[in-house]
Amino acid sequence: MNSSEIDIYKELKKYFGFNQFKGLQEQVIKSILDENNTFVIMPTGGGKSLCYQLPALIKNGTAIVVSPLIALMKNQVDAIRSLSSESGIAHVLNSSLTKTEIAQVKADITSGLTKLLYVAPESLTKDEYVKFLKNVPISFVAIDEAHCISEWGHDFRPEYRNLKHIIRQLGDVSIIGLTATATPKVQEDILKNLDMPNANTFKASFNRPNLYYEVRTKTKNIESDIIRFIKQHKGKSGIIYCLSRKKVEAIAQVLQVNGISAVPYHAGLDAKTRARHQDMFLMEDVEVVVATIAFGMGIDKPDVRFVIHHDIPKSLESYYQETGRGGRDGGEGHCLAYYSYKDVEKLEKFMSGKPVAEQEIGFALLQEVVAYAETSMSRRKFLLHYFGEEFDSETGEGADMDDNVRNPKTKVEAQRQMVQLLEVVRDTKHLYKSKEIVYTLTGKINAMIKAHRTDMQSFFGCGAGFEEKYWMALLRQVLVSGYLSKDIETYGILKITQKGLDFIKSPHSFMMSEDHEYNESEDEAIVTAAKSTGTADEVLMGMLRDLRKKVAKKLSLPPFVVFQDPSLEDMALKYPISLDEMSNIHGVGEGKAKKYGKEFIALIHQYVEDNDIIRPDDLVVKSTGANSINKLYIIQNIDRKLSLSDIAAGKGMNMDTLLKEMEQIVYSGTKLNIKYWIDEMLDDDQQEEIHDYFMESESDDIETALKEFDGEYDIEELRLMRIKFISEIAN
């Protein structure tokens with residue numbers, strides 16, 4: 001049976017009620033009907049499943065569909081069954097079936113009733129199933145989520161590797177591989193591993209022109225930023241992705257406390273709760289799902305209006321897939337990711353426990369995410385280049401739908417530097433990945449450079465006039481512009497292209513944009529967050545500083561004891577006018593609000609009235625008490641005079657984390673009596689000396705104190721003394 005003998009439009013209408021195919025569906029279906037090995041790369045929402053469902057319904061025999069997700073299989077089987085009066089038309093074969101159910105499945109296949117059989121890869125390796133399937137007519141084998149075959153895919157499953165051996169046992173059947181996301185490297189891997197190098201390959205465009213891409217710096221104020229964003233999109237559905245279950249729970253709680261209907265979703269919840277939460281989201285009983293990546297595989301909600309990444313994902317494939325759940329109906333879809341290099345370091349640390357081969361792949365994939373977050377070129381162009389697709393950032397569809405294009409960074413002429421870069425790639429004989437190329441340019445040595453004696457070459461250090469960051473930014477832009485390419489076989493190694501060689505011969509202007517800066521320190525982060533997310537009121541800020549000085553003078557205290565700068569910044573942003581609101585200001589707890597808050601509230605109240613200021617009520621983010629469990633534990637155990645190292649160990653913290661928690665407690669206005677612990681470390685004279693220093697100092701900054709004492713005390717001693725000082729003097 002081949003495609004020319006069949007009216008596939010008639011069949012499409014008969015089974016699915018559609019009059020037209022979408023995108024590449026028609027060509028793919030013809031290829032399958034003609035019994036060719038076929039490889040389909042089609043973004044989520046492009047109608048991938050119809051590509052194998054329709055040919056399976058038309059052809060003789062049973063089509064085997066290999067899929068990694070039980071929930072997804074059930075959805076699809078239900079969908080096919082709804083098209084037919086016979087429920088046996090589609091079946092699932094997996095570990096959840098009883099003996100009786102398995103017998104029924106086999107009977108329906110033998111009688112020729114079953115057209116689609118969905119199996120998990122593990123089930124397909126069972127001898128009894130293979131033996132059975134060998135003796136019944138199979139129309140073809142479709143492998144869904146085919147990227148699971150590749151270690152370079154974002155969801156590698158070792159059990160997928162064995163598929164080609166099993167399929168061979170089923171006789172001469174054609175293979176269909178389907179995936180919603182694949183870089184050139186993964187595509188090559190899939191074709192190699194399924195042993196179908198000559199498959200007909202169909203690749204749809206990965207461009208989703210209605211999605212708006214944005215990356216923001218992740219600061220301490222991320223929760224208020226997310227709440228503000230959701231309140232600006234009131235009544236719209238959205239998904240927030242977090243890396244850990246703990247974070248999912250915490251963010252869902254914060255949203256609920258702040259009047260946003262949200263539910264958590266992660267693999268640690270029981271199946272019933274997960275299903276209920278998913279349904280609530282689909283039925284719009286809640287606006288937001290806060291989830292780990294366990295969520296969304298089987299979700300088909302067309303009107304998800306925003307997808308927020310609280311933590312940066314492990315690969316650009318994951319990012320593309322997760323953001324791709326937004327705006328499936330072609331309407332608005334805002335993709336917002338928060339980025340800080342600290343998160344990347346956490347992921348790297350997490351990877352360091354894995355086998356070396358896996359680590360290398362993981363690091364390479366993570367570097368691509370970093371490059372995407374830090375780049376200042378069109379994010380859409382960057383993303384599509386990663387998936388092997390060219391995009392014209394002037395005329396392409398959706399060209400202005402990203403933060404970098406709408407707020408372009410300054411561009412500088414880089415013609416000379418580009419020639420240097422291309423020459424170094426050429427002259428180091430295509431041995432190196434980005435890092436070594438940048439090191440060679442800046443004159444930095446590592447083991448690999450030493451081994452190849454690159455440090456002996458005349459060009460070593462030829463670009464030392466610029467920082468590593470500059471070269472990295474240039475390298476990315478040159479790569480995306482096609483003057484360099486990354487080798488697929490030896491992933492990540494840079495090669496110069498013909499276009500690059502031509503550029504060296506006759507250089508022309510190349511304007512590069514500078515990378516984003518994402519390296520602020522913790523405290524600056526708070527201040528910058530206030531500035532970037534709705535500028536703190538500078539006039540009010542000045543008045544609050546004056547009041548703080550006055551209050552401090554009256555009490556003969558240093559100003560920082562009353563309120564720290566970040567707290568004043570937050571007041572000038574949120575205009576708190578009640579004790580309740582004041583105790584939700586950054587670094588101010590109930591105790592502190594009661595002790596010093598009254599005069600500040602009165603000043604802000606007057607200022608708001610005099611200047612007709614509309615207060616942003618939504619900015620007063622109520623906290624959930626998620627930290628209060630730790631807080632209580634620390635306070636109680638310090639009251640019992642337990643050793644601080646035991647207190648830290650009891651909650652699996654290191655000393656630094658415990659000190660941070662203690663600092664938050666005392667700066668928010670609660671007393672902690674840690675004299676018993678400090679007495680073990682410092683004598684009375686030493687304590688008095690540090691106490692006097694803080695009493696007279698303009699600032700409570702530890703770096704400044706370290707310099708002042710010039711090595712007499714270490715950081716931990718000074719931090720503990722600062723906690724004791726604030727506790728006794730301020731609270």
Side-chain angles (χ1 to χ4, degrees), residues 22-25 40-51 67-69 71-72 75 144-148 153-155 178-183 186-187 202-215 233 236-243 265 278 281-282 288-338 365 368-369 372-373 378-389 391 396-398 401-403:
K22 240 166 113 174
L24 299 168
Q25 284 176 335
V40 183
I41 305 150
M42 206 180 264
T44 311
K48 233 176 18 276
S49 39
L50 187 102
C51 291
S67 169
L69 291 156
L72 219 55
N75 287 358
D144 208 356
E145 312 292 343
H147 54 266
C148 295
H154 63 281
D155 193 14
L178 305 104
T179 175
T181 145
T183 57
V186 173
Q187 290 165 39
F202 298 92
K203 184 173 182 192
S205 167
F206 273 59
N207 188 17
R208 297 280 308 280
N210 59 312
L211 296 186
Y212 179 82
Y213 298 107
E214 181 185 2
V215 178
H233 293 75
K236 294 175 181 174
S237 294
I239 303 170
I240 300 175
Y241 284 108
C242 304
L243 275 177
Y265 186 105
Q278 187 160 314
F281 183 57
L282 286 171
V288 179
V289 165
V290 188
T292 54
I293 50 175
F295 177 76
M297 292 300 200
I299 197 83
D300 200 13
K301 185 168 165 55
D303 59 347
V304 171
R305 290 289 161 246
F306 56 87
V307 176
I308 296 175
H309 279 90
H310 178 285
D311 307 292
I312 214 81
K314 295 179 183 138
S315 73
L316 277 183
E317 283 98 324
S318 307
Y319 173 77
Y320 180 83
Q321 260 218 327
E322 287 150 25
T323 52
R325 301 202 169 109
R328 292 251 184 108
D329 54 3
E332 170 201 9
H334 194 126
C335 309
L336 170 61
Y338 286 93
L365 293 175
E368 301 282 6
V369 178
Y372 171 80
S378 153
R379 294 197 194 278
R380 186 173 304 275
K381 189 177 173 77
F382 189 103
L383 210 48
L384 291 174
H385 176 266
Y386 180 74
F387 289 112
E389 191 176 325
F391 180 74
E397 214 192 335
M401 292 288 282
D402 89 54
D403 54 349

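- Residues K48 and D144 form a side-chain contact, since some pair of their non-hydrogen atoms from C-beta on lies under 4.5 Å apart.
- The shortest side-chain heavy-atom distance between Y213 and V215 does not fall under the 4.5 Å cut-off.
- The distance from atom CD of E368 to atom CZ of F382, rounded to the nearest 0.5 Å, is 6.0 Å.
- For Y338 and H310, the gap between ring centers reaches or exceeds 6.0 Å.
- In this structure, E145 CD and L178 CG are separated by 9.0 Å, a value rounded to the nearest 0.5 Å.
- For Q25 against G47, the heavy-atom pair with the smallest separation is NE2-O, 2.9 Å.
- Between T323 and H309 there is a side-chain heavy-atom pair separated by less than 4.5 Å.
- Heavy atoms only, all atoms of each residue included: S205 and P43 are closest at O-CG, 3.2 Å.
- No side-chain donor-acceptor contact under 3.5 Å links R328 to the backbone of V304.
- For E317 and H147, the side-chain atoms include no donor-acceptor pair closer than 3.5 Å.
- The nearest pair of heavy atoms linking E389 to A204 is OE1-O, 4.3 Å.
- Between Y212 and L336, every side-chain heavy-atom pair lies at or beyond the 4.5 Å cut-off.
- Scanning all heavy atoms of the two residues, the minimum distance from V290 to C242 falls at CG1-SG, 3.9 Å.
- In terms of heavy atoms, V369 sits closest to L316 at CG2-N, 3.6 Å.
- Side-chain contact between D329 and R305 is present, with heavy atoms from C-beta onward closer than 4.5 Å.
- With rounding to the nearest 0.5 angstrom, the OG atom of S315 is 6.0 Å from the OH atom of Y386.
- The distance from atom CZ of F206 to atom OH of Y320, rounded to the nearest 0.5 Å, is 5.5 Å.
- Distance check, rounded to the nearest 0.5 Å: CG of L365 to NZ of K314 gives 11.0 Å.
- Atom CZ in R208 sits 11.5 Å away from atom CG in L384 (nearest 0.5 Å).
- Looking at R325, its side chain never comes within 3.5 Å of a backbone N or O of K301 through a donor-acceptor pair.
- Side-chain atoms of N207 never come within 3.5 Å of backbone atoms of G398 as a donor-acceptor pair (strictly under, hydrogens ignored).
- R380 approaches P209 most closely through the heavy-atom pair NH1-CA, 3.6 Å.
- In this structure, V40 and L24 have side chains that are not in contact, with every pair of non-hydrogen atoms separated by 4.5 Å or more.
- Side-chain contact between L383 and F391: absent, with no pair of heavy atoms (C-beta onward) separated by less than 4.5 Å.
- Residues Y319 and I312 are not in side-chain contact: their nearest non-hydrogen atoms beyond the backbone lie 4.5 Å or more apart.
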